[in-house]
Amino acid sequence: MTQTLPREWAHRAPAQRAILWLGWFALVALFVWCWQIMSQDTIWAFVWDAPDQALDIGGRMMPPKWGYLPQLMKPLWDTLNIATLGTIGGVIIAIPVAFLAARNTTPSTTFLRPIALFIIVTSRSINSLIWALLLVAIIGPGLLAGILAIALRSIGFVGKLLYEAIEETDARQIEAITATGAGPAQVLTYGIVPQILPAFWSISVFRWDINIRESAILGLVGAGGLGLKMNASLAILAWDQVVVILLLILATVVLSEWVSAQVRKAII
Amino acid sequence: MLKIKNLSKTYKTGDTALSDVTLEINKGQLVGLIGPSGAGKSTLIRCINRLVEPTSGEVWLGDVDLAQLGRSELRHQRRRIGMIFQEYALVERLTVMENVLSGRLGYVPFWRSWLRRFEAEDIRRAYELLDRVGLLQHADKRADALSGGQRQRVGIARALMQTPDLLLVDEPTASLDPKTSRQIMRLLTEICAERGLPAIVNIHDVPLAQSFMERLVGLRAGTVVFDGPPTDLSEDALTEIYGAEDWNTMRPGDDDESEGPLDVERAAEVMA
């Protein structure tokens, strides 16, 4: 033990420190630059005017026209149906896609897995509203377009989270089931499904919760539900009706969030 | 019963895990496989039921060469080989009973296993085995609600549910405390003796291997360097297997061997 021990210790090497410092500096510079571009195109007169405008619209919203509420029940029911049926449809398609996309369950990594990943990315990269816009053009306005839009957007979300859950399963449990002489379908139902079931329910309910929000605005492009009424009320500047719709959406979302929290609590 | 001839395994990374292993195990024989980590113990037993594909060599179980089988024939033969794992490898979210019954998966059609509609005879045997390993009252608990020793008992019952001709046991006690380890080893040896079942047991605890196994095989870097009864395992043999070390401090003589069979019952009560 005659060797001399180092006296100093630093968390990062000097070069690392310099890079880190430069990185932060670049980030701040970028922020300043973006701020300048943003302010260039802003018409400041409108911004200074904003509090007055907000107060004005707020004033027109008061008092809310509660008598409008009964007329909203049918569109609300439509919205719930769009969200629920869309979620169910999306989940049903997402399950096989997830198994094809997961590295440990896909039958072919070179062919089927890229296809499954492509389906997931496509579905995820297009917003429900855009899906609805396309579908309204293709199959005409109405509930069906909304349901399909929600389903198409859900495939990617559920598929991605589910395939990650499949890849995170404990390989030893699967190995043990394989070692009993079980067939591939049995390995799936005994080794993998019990492991991903909690994730599956929690992902599905979470997506349903998101879909309720999204389906409330799909009507803006003609896909049925509350959005349709919103569009109509906005068009005639009936702010006292708009506020009733907004409050109804808020109440529905709070309720769906409560339901999804209960479901998740029950399965974990 | 089990004949392994010139078995070799080289992984894709180029690591040679086994080179030219030849081994014969007779009916009812308990063989402890000892050796340092990375010696190829785990690979050797996984090459037998082909959870790991051997690179070359033959594995004869009775008159079947397991190394040559196609997919479906391999599944068929795997039913004859029960396997017990280091960290139990139970399906944690299924009940104890479902885990035990999963030992029958190779025998029942998919729809029966999916609907959990096992044959009455299977259910009777599952209860019998749970009773044998002392877990009858835990049948409907979820596997992750049990203690380590209890889980390993479920693992044993699952393997026996296959009505195997051979048991492969991978470090059965590595995650257990010394006392539970002994209880599990005792249970294993008793069960093998009752059924005349041969077993290959990977074990890194040499004193434990010496007190429970009737034959020890030492692996070093994928080759068999010792094969004989525990009494032949001299210091020289240990050095041959593991490399130089002061072996006297870990000989079984130093170990407390006072616990009698009564302890098992007492411990079972405590665990219940």
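Just so it is clear, the values below take in all heavy atoms, side chains as well, and ignore hydrogens, waters and symmetry mates. Chain identifiers are assigned alphabetically (A, B, ...) following the order of the sequence lines, protein sequences preceding nucleic acid strands; residue numbering begins at 1 within each chain.
When A:Thr178, A:Thr180, A:Ile174 are compared by the number of non-hydrogen pairs under 4.5 Å with chain B, A:Thr180 comes out ahead. Looking only at heavy-atom pairs under 4.5 Å with chain A, the residue among B:Leu105, B:Val91, B:Leu90, B:Leu168 that has the most is B:Leu105.
Counting heavy atoms of neighbouring residues, nucleotides and ligands inside a 6.0 Å radius, atom CZ of B:Arg124 exceeds 12 of them. Remark: B:Tyr11 OH is packed, more than 12 non-hydrogen atoms of other residues, nucleotides or ligands lying under 6.0 Å away. Counting heavy-atom neighbours within 6.0 Å of A:Phe206 CZ, excluding the residue itself, gives a total of 12 or less. Annotation: B:Arg117, atom CZ; neighbour count of heavy atoms from other residues, nucleotides and ligands within 6.0 Å does not exceed 12.
Proximity to chain A is limited to the side chain of B:Phe85, based on heavy atoms less than 4.5 angstrom apart. Proximity to chain A is absent for every atom of B:Arg80, based on heavy atoms less than 4.5 angstrom apart. For B:Arg71, no part sits under 4.5 Å from any heavy atom of chain A, backbone or side chain. There is no contact between B:Gln77 and chain A, counting heavy-atom distances below 4.5 Å.
Shortest non-hydrogen contact noted between B:Glu98 and A:Tyr190 is O-CE2, 4.3 Å. In terms of heavy-atom proximity, A:Glu175 sits nearest to B:Leu51 at CG-CD1, 3.4 Å. Between B:Ala89 and A:Ala176, the shortest heavy-atom contact is O-CB, 3.4 Å. Considering all non-hydrogen atoms of both residues, A:Pro184 and B:Arg75 come closest at CD-NH1, 3.7 Å.
Checking B:Ser102, B:Pro109, B:Ser113 one by one against A:Gln186, the side-chain contact (heavy atoms from CB on, under 4.5 Å) holds for a single residue, B:Ser113.
A:Pro198 places a side-chain heavy atom less than 4.5 Å from the side chain of B:Arg93.
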